[in-house]
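One structure below.
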Amino acid sequence: MRVGHGFDVHPLVAGRPLVIGGVTIPFERGLDGHSDADVLLHAVADALLGAAGLGDLGRLYPDSDPAFKGADSRQLLRDVARRLAAAGFRVVNVDATIIAQAPRMAPHMPQMVANIAHDLGIPGDWVNVKAKTTERLGFTGRGEGIAAEAVALIAPQA
Ligand SMILES: Nc1ccn([C@@H]2O[C@H](COP(=O)(O)O)[C@@H](O)[C@H]2O)c(=O)n1
Ligand SMILES: C[C@@]1(CO)OP(=O)(O)OP(=O)(O)OC[C@H]1O
């Protein structure tokens, strides 16, 4: 068994959709980035890559590469899942936390979990998504951006 950790931050800006866990969430601003800036899926992907010793998202899908401009992070996550399988690993479970003062994430979590489980090819109860504010402290508390952390456990395929 191997464990990995992922972390990501994206700024909140006007004129962008807010896409988190593959869910487009109604809000007055969205996350900025080279891809769709899905901060939760990026943290999950980096946790999986870390557990497998396969580097990180930025090295595999550079934000300098026009091919990933506007990329759907669910496609990136599915590609990461393929890389893990090719390396002989299976996903045991994923646990993630969205760090955001707003909007409320709870209503959207079931769909986020379903998206992640589907893209990783695992049961939904092997995926957990939480959300926390920072009690208005720091850049997340001021609404300047959203962060996410994730941990993943993987094991050799049977
Ligand atoms: N962006 C967020 C933040 C929090 N939640 C939910 O609220 C609960 C309490 O969070 P605190 O940070 O105030 O302790 C948390 O357990 C989440 O269920 C949310 O939905 N969206
Ligand atoms: C997702 C990628 C794709 O170019 O770009 P961004 O959307 O900028 O996201 P980030 O987490 O900053 O970097 C990872 C990149 O792989």
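Predicted model only: the values in this text are computed from it and were never measured. These values consider heavy atoms only, across backbone and side chains, with no hydrogens, waters or symmetry-generated copies. Counting convention: from 1, in listed order, for ligands and their atoms alike. Index from 1, following the sequence.
Checking only distances, F68 never comes within under 3.5 Å of ligand 2, N or O to N or O.
The one candidate from V151, L153, V127 that meets the side chain to side chain contact (heavy atoms under 4.5 Å, CB included) condition with N93 is L153. For the pairing with P107, the side chain to side chain contact (heavy atoms under 4.5 Å, CB included) check across M105, Q111, R104, M109 returns one residue only, R104.
Contact annotation for P62 and ligand 2: only backbone heavy atoms (N, CA, C, O) come within less than 4.0 Å of the ligand. The side chain of H42, and not its backbone, has at least one atom closer than 4.0 Å to an atom of ligand 2 (non-hydrogen atoms only; side chain from C-beta on). Contacts with ligand 2 closer than 4.0 Å are made by side-chain heavy atoms of D8 only, the backbone lying farther away.
With hydrogens and angles ignored, the 3.5 Å screen pairs no side-chain donor or acceptor of D32 with any backbone N or O of P11.
Cluster annotation: L77 and L60 are assigned to the same hydrophobic cluster (Ile/Leu/Val/Met/Phe/Trp/Tyr, side-chain heavy-atom contacts under 4.5 Å, transitive).
With a 4.5 Å cut-off on side-chain heavy atoms, R2 and F89 count as touching. At least one side-chain heavy atom of M112 sits less than 4.5 Å from a side-chain heavy atom of I25. Within the 4.5 Å cutoff, no side-chain heavy atoms of I154 are placed close to those of R90.
Listed by atom number, the atoms of ligand 2 under 4.0 Å from G58 heavy atoms are 16 (O). In the vicinity of Y61, heavy-atom distances shorter than 4.0 Å reach the ligand 2 atoms 2 (C), 3 (C), 4 (O), 15 (C), 16 (O).
Using modelled atom types, one finds a donor on one side chain and an acceptor on the other under 3.5 Å when comparing H42 with D8. K130 and T97 share a side-chain donor-acceptor pair at under 3.5 Å.
Contacts of ligand 1 (protein heavy-atom distance under 4.0 Å) are A100, P103, R104, M105, A106, A131, K132, T133, E135.
Counting protein heavy atoms under 4.0 angstrom from atom 13 (O) of ligand 2 gives zero.
Shortest contact from atom 7 (O) of ligand 2 to any protein heavy atom: S35 OG, 2.5 Å. With respect to atom 8 (O) of ligand 2, the closest heavy atom belonging to the protein is H34 N, 3.2 Å.
In this structure, K69 does not count as a contact residue of ligand 2, since none of its heavy atoms falls inside 4.0 Å of the ligand.
Residues G124 and A117 come closest through the heavy atom pair CA-CB, 3.7 Å.
Atom CD1 of I20 is separated from atom CG of N115 by 12.5 Å, given to the nearest 0.5 angstrom.
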